[in-house]
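Okay, structure first, notes after.
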Amino acid sequence: MSQDGVCKLNGHPSENGGAMKTRPLLNRRLDGLGTTIFAEMSALATATGAINLGQGFPDTDGPESVREAAVRALRDGRGNQYPPGPGVPELRQAIADHQHRFYGLSLDPDTEVLVTTGATEAIAATMLALLEPGDEVIAFEPFYDSYAACIAMAGAQRVPLTLRAPDFRPDLDELRALITPRTRLLLLNTPHNPTGTVLAPDELSGIAALAVEHDLLVVTDEVYEHLVFTGAHHPIAALPGMRERTVSISSSGKTFSYTGWKIGWVTGDAPLVAAVRAAKQYLTFVSGGPFQYAIAEALALPDAFFTGFREDMRRKRDLLAEGLRTAGFRVYEPEGTYFITTDISPFGDEDAYTFCRALPERCGVAAVPNSVFYDDPEAGRSQVRFTFCKRDDVLRDAVERLARLG
Ligand code: PMP
Ligand code: GLN
């Protein structure tokens, strides 16, 4: 462990000792994935005292009533011992109710819902459950970093479908051309981190048609489902022919601003959920007990909570977007998520990673380079992501600091 608390797994041979001298500790599948960019940039922000607009976590906790529900569960001894593997019945029911309330989807809470340790575990368990070594997975690029890692851990191959600036829309002809006999799965993310793209109904039906035509599985990461500013969130699972081939993933972290609780979930047809559950059993067995009861209450909050949260975030998006533009960034306005992707070319020819390494020293703000989310770093060479899930005064301070970049 280094001083910044970041695990440097690719240690020098002399640190590895004995027989391991001849071989790096980190296996080939995870080569290059030793430290996540979020950990790296957050450590840099902490070390320099910079405002952290890199890693996406709110600096204000979610609803008080939800926190109190967790405290109550802890005190009442609900979930303090291993809860049921698929999740506590109250939460599974609440997830099923949520899917019906917002999207008209009907799910059996006993067989079609699985509670996971965040969406992160849901992604890992899904990839480990559904993929054979050598399978190909088509995913939007830039991709959320855990996709690359989980596909790799499953021994499968990622195949990027590049979302290109300035619009970051998927090209369905390109998608068709990427499908081979080895393609097993399409991995979607809408709203999309980091670009903020929200898949439109015609894009979703085009993707669904290809999935049906080629008999592909679809895994859809919808953790930002309640952060859509333009249009609406449409789960692909609701489209004809998709239910039986779609694993939907979401999480309480973003929607309820308790990212540290790590309560996520998987929904889908019973055989798909059973497959994911098989893998999940051997990753964590079960997920954090008392928090599950609290999230069950959170999912039943009135509509006013969900619209209020979204409108608050929209205001923050506009505040940060305006500030970034004034500071000289090219801003790609996101339709959803709580991230803004920018282009840093107006500041010179530096690549995004070098820019982000230096940014805290230059002006006291930390951000994340999108280049690391591309297989071809050139494609995202000048893209930098900022989050706006921070207090208004923090965003204003950050914007003032960024204005000094000049
Ligand atoms: N998917 C995406 C697209 C994300 O941005 C994140 C970060 N919240 C996750 C998955 C992981 O979610 P969780 O914190 O629930 O594990
Ligand atoms: N999802 C958040 C982001 O994209 C945090 C991810 C993480 O820390 N693994 O910033």
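Numbers for residues simply follow the sequence, beginning at 1. Just follow the structure's listing: the first ligand is 1, and inside any ligand the first atom is 1.
The single protein non-hydrogen atom nearest to atom 6 (C) of ligand 2 is Y144 OH, 3.2 Å, given as residue, atom name and distance. From the protein, the heavy atom lying nearest to atom 7 (C) of ligand 2 is F38 CD1, 3.6 Å.
Salt-bridge formation is not detected for the pair D171/R164: no Lys NZ or Arg NE/NH1/NH2 atom is positioned less than 4.0 Å from an Asp or Glu carboxylate oxygen.
Of the heavy atoms in Y338, none comes closer than 4.0 Å to ligand 2. Counting heavy atoms closer than 4.0 Å to ligand 2, residue F57 contributes nothing at all. Contacts between R385 and ligand 2, counted as non-hydrogen atom pairs separated by less than 4.0 Å, involve the side chain only.
You'll find the ring centres of H233 and Y224 outside the 6.0 Å limit. Under the 6.0 Å cut-off for aromatic ring centres, F386 and F329 qualify, their centroids lying closer than that.
Of all atoms in ligand 2, listed by their number and element, those nearer than 4.0 Å to a heavy atom of F339 are 3 (C), 4 (O), 10 (O). Numbered from 1 in the order shown, with element, the atoms of ligand 2 that lie under 4.0 Å from a heavy atom of Y224 read 1 (N).
Geometric assessment of K254 against the ring of F309 yields a negative cation-pi assignment under the 6.0 Å and 45° thresholds.
For Q81, the CD atom sits in a loose shell: 12 or fewer heavy atoms of surrounding residues, nucleotides or ligands are nearer than 6.0 Å. When the shell of 6.0 Å around CZ of R29 is examined, it contains 12 or fewer heavy atoms from other residues, nucleotides or ligands. Crowding of R325 atom CZ: a count of heavy atoms from other residues, nucleotides or ligands under 6.0 Å exceeding 12. Other residues, nucleotides and ligands contribute only 12 or fewer heavy atoms inside 6.0 Å of the CZ atom of R184.
Put simply, the side chain of R385 gets close to the backbone of G54: a donor and an acceptor are under 3.5 Å apart.
Remark: among candidates M41, K254, Q55, the nearest residue to atom 1 (N) of ligand 2 is K254, based on non-hydrogen atoms. Looking at L53, T36, N193, it is N193 that brings a heavy atom closest to atom 4 (O) of ligand 2.
Residue G56 has at least one nitrogen or oxygen atom sitting less than 3.5 Å from a nitrogen or oxygen atom of ligand 2, judged on distance alone.
The immediate protein surroundings of ligand 1, defined as residues with any heavy atom under 4.0 Å of it, consist of G118, A119, T120, I123, Y144, Y147, N189, N193, D221, V223, Y224, S251, K254, K262.
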For residues 140-152, dump all side-chain donor-acceptor pairs below 3.5 Å to protein atoms at least two apart in sequence or in another chain.
from : atom 1 : to   : atom 2 : distance (Å)
E141 : OE1    : T162 : OG1    : 2.7
E141 : OE2    : D375 : N      : 2.6
Y147 : OH     : D221 : OD2    : 2.6

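Using a 30° and 60° split on the angle between ring planes, F168 and Y332 fall in the perpendicular class, above 60°.
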